[in-house]
Amino acid sequence: MFNLLRMDLYRVKRSKSVYVCAGFLLLTTVLLFGLMWLMSTPQGQEIALRIGMVTLDETIELGSILEGVDSLIFFRQTCLDGGAYNAVLGIWVMLFVCADFQGGFIKNIMALHQNRWKYIVSKVMTAWIVNFCYLVIHLLFTLLLNRLFGDLVPYAGWKDVLFYLSWVWFVTTAFAAMIICICVLTRSVAAGTAAAVLFGSGIIVMTLYGILGMFHIGKWLEYSIYLTCGMGPGKYTSAKDLYVYAVGFGFLILYTVIAGIVLKKKDI
């Protein structure tokens, strides 16, 4: 399995898609910081007024737009709470996994490594490592931009940051495992892309949540991957906050097992 993992990590290092997806996340962060600077600072509002982005009355309301927001909340709201991060991560995972099936490379892998469980575990571990790199780089870039924009928001405590990163790492990796499962099942770029966008952005979950909510039977969806990312705790207050680890670990194991079973039963 470790030979497969080394091969996968080498392929990640050499691929362009992993850098393009990371660049998209960082570009989004730059744009949002620039927008918030225009909306919330006197210098930015002056420029926004001059170019017609806002009116004078709107600048008074926008002055408090970042009230109560710290660096961790801003980091969450940039991509994670809205699902953009999962969508981008899912698209990269889809490209990485589907490349094996499209190019026929999967046959060479299975010829050398007949245990198909090793293939799935290697893909999940690769996604886990890339996900960690994405989260850390994204966070450090957010802190750097905050400094460059004149400390636009106050900095969160490091304990809160570590707690949040630790559980969201599990939950977002579980989402990556779900995309791996879908790609192994369908072997389709279109299906993998649709799943990454529709589930990552929360379109399917929130639609179902709204419909079931009318009948007061949709509360269980609060433990879905999307809503856990959006509603999960930003700081540890009690043992109840640890449910996010159970959600992340549970879905991670579930989708890994399903993907392994599917790969063992389907012909290569």
Side-chain angles (χ1 to χ4, degrees), residues 1-26 79-80 85-141 162 165-189 191-193 195-196 200 225 245 248-268:
M1 187 187 72
F2 290 104
N3 289 333
L4 271 173
L5 181 60
R6 281 197 297 268
M7 181 189 67
D8 281 338
L9 292 176
Y10 177 78
R11 288 176 57 208
V12 168
K13 182 181 176 182
R14 303 273 297 179
S15 70
K16 295 179 181 179
S17 60
V18 69
Y19 302 108
V20 171
C21 291
F24 179 82
L25 290 172
L26 300 185
C79 285
L80 283 153
Y85 179 87
N86 274 338
V88 172
L89 177 66
I91 288 172
W92 172 76
V93 170
M94 176 275 300
L95 292 171
F96 183 65
V97 176
C98 286
D100 288 350
F101 293 97
Q102 286 191 317
F105 189 55
I106 186 69
K107 295 182 179 180
N108 297 331
I109 296 175
M110 292 296 104
L112 293 173
H113 305 277
Q114 296 183 6
N115 189 335
R116 300 186 182 186
W117 284 101
K118 292 182 180 180
Y119 175 85
I120 295 298
V121 173
S122 175
K123 287 291 183 284
V124 172
M125 289 183 67
T126 301
W128 199 44
I129 293 170
V130 171
N131 185 25
F132 176 78
C133 294
Y134 273 7
L135 287 170
V136 172
I137 291 172
H138 190 194
L139 175 64
L140 293 177
F141 189 67
L162 290 178
L165 278 183
S166 65
W167 71 255
V168 84
W169 183 24
F170 270 96
V171 176
T172 49
T173 302
F175 181 80
M178 183 187 76
I179 300 301
I180 292 172
C181 180
I182 292 172
C183 290
V184 169
L185 178 63
T186 64
R187 304 179 185 184
S188 167
V189 170
T193 303
I225 292 175
Y245 291 101
F249 189 73
F251 278 116
L252 179 59
I253 296 299
L254 174 65
Y255 288 122
T256 300
V257 170
I258 293 175
I261 293 173
V262 169
L263 189 63
K264 281 181 69 68
K265 290 186 176 295
K266 294 193 72 172
D267 294 331
I268 299 301

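If you read the sequence from its start, that first residue is 1, and numbering goes on from there.
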> How about M7 and L4: do any of their side-chain heavy atoms sit closer than 4.5 Å?
yes
> Quick check: does any side chain N or O of S166 sit under 3.5 Å from a backbone N or O of L162, one acting as donor and the other as acceptor?
yes
> What's the verdict on side-chain contact (heavy atoms from CB on, under 4.5 Å) for F141 and L25, showing C-alpha distance, side-chain angles and the deciding distance?
CA-CA 10 Å; F141 189 67; L25 290 172; over 6 Å; no
> Under a 4.5 Å cut-off applied to non-hydrogen side-chain atoms, are Y119 and D100 in contact?
yes
> Where the side chain of S15 meets the backbone of V12, is there a donor-acceptor pair that is under 3.5 Å apart?
yes
> Surrounding OH of Y245 (heavy atoms of other residues, nucleotides or ligands, distance under 6.0 Å), is the total greater than 12?
yes
> Could you grab the distance from atom CZ of R14 to atom OH of Y19, nearest 0.5 Å is fine?
9.5 Å
> Does F101 offer a backbone N or O that forms a donor-acceptor pair with the side chain of R187 under 3.5 Å?
no
> Do the side chains of L5 and Y10 get nearer than 4.5 Å, heavy atoms only?
no
> Can you tell me how the ring of W169 sits relative to the ring of W128, calling it parallel under 30°, perpendicular over 60° and tilted otherwise?
parallel
> Looking at CG of L263 and SG of C183, how far apart are the two atoms once the value is rounded to the nearest 0.5 Å?
12.5 Å
> In Å and rounded to the nearest 0.5 Å, what is the OG1 to CG distance from T172 to L80?
7.0 Å
> Apply the side-chain contact (heavy atoms from CB on, under 4.5 Å) test between I180 and each candidate in V97, T126, L185; give the one that qualifies.
V97
> For a quick test of reading the model, state the closest non-hydrogen atom pair linking V184 to A259 and the distance between them.
CG1-O, 3.9 Å
> If I compare all heavy atoms of A196 with all of G90, which pair ends up nearest, and what's the gap?
CB-C, 3.6 Å
> Assess whether side-chain hydrogen bond (donor to acceptor under 3.5 Å, both in side chains) is satisfied between Y85 and N131, documenting all intermediate values.
CA-CA 10 Å; Y85 179 87; N131 185 25; 2.5 Å; yes
> Where do A99 and R11 come nearest, in terms of heavy atoms and distance?
CB-NH2, 4.1 Å
> Can you measure from CG (L95) to OG1 (T193) and round to the nearest 0.5 angstrom?
6.5 Å
> Using a 4.5 Å cut-off on heavy atoms from C-beta on, say whether the side chain of D8 contacts that of F96.
yes
> If you take all heavy atoms of I120 and T256, which pair is closest and at what distance?
CG2-O, 3.7 Å
> In Å, rounded to the nearest 0.5 Å, how long is the span from CD1 of I182 to OH of Y255?
7.5 Å
> Check whether any side-chain heavy atom of F24 sits under 4.5 Å from a side-chain heavy atom of I91, and report yes or no.
no
> Which is it for V18 and Y134 under the side-chain contact (heavy atoms from CB on, under 4.5 Å) test, yes or no, and what are the steps along the way?
CA-CA 9 Å; V18 69; Y134 273 7; 3.4 Å; yes
> Just verifying a value: how many Å separate S122 OG and L9 CG, rounded to the nearest 0.5 Å?
7.0 Å
> Indicate the atoms forming the closest heavy-atom contact of S188 with A191, along with that distance.
OG-N, 3.1 Å
> Where do C21 and W92 come nearest, in terms of heavy atoms and distance?
SG-CB, 3.8 Å
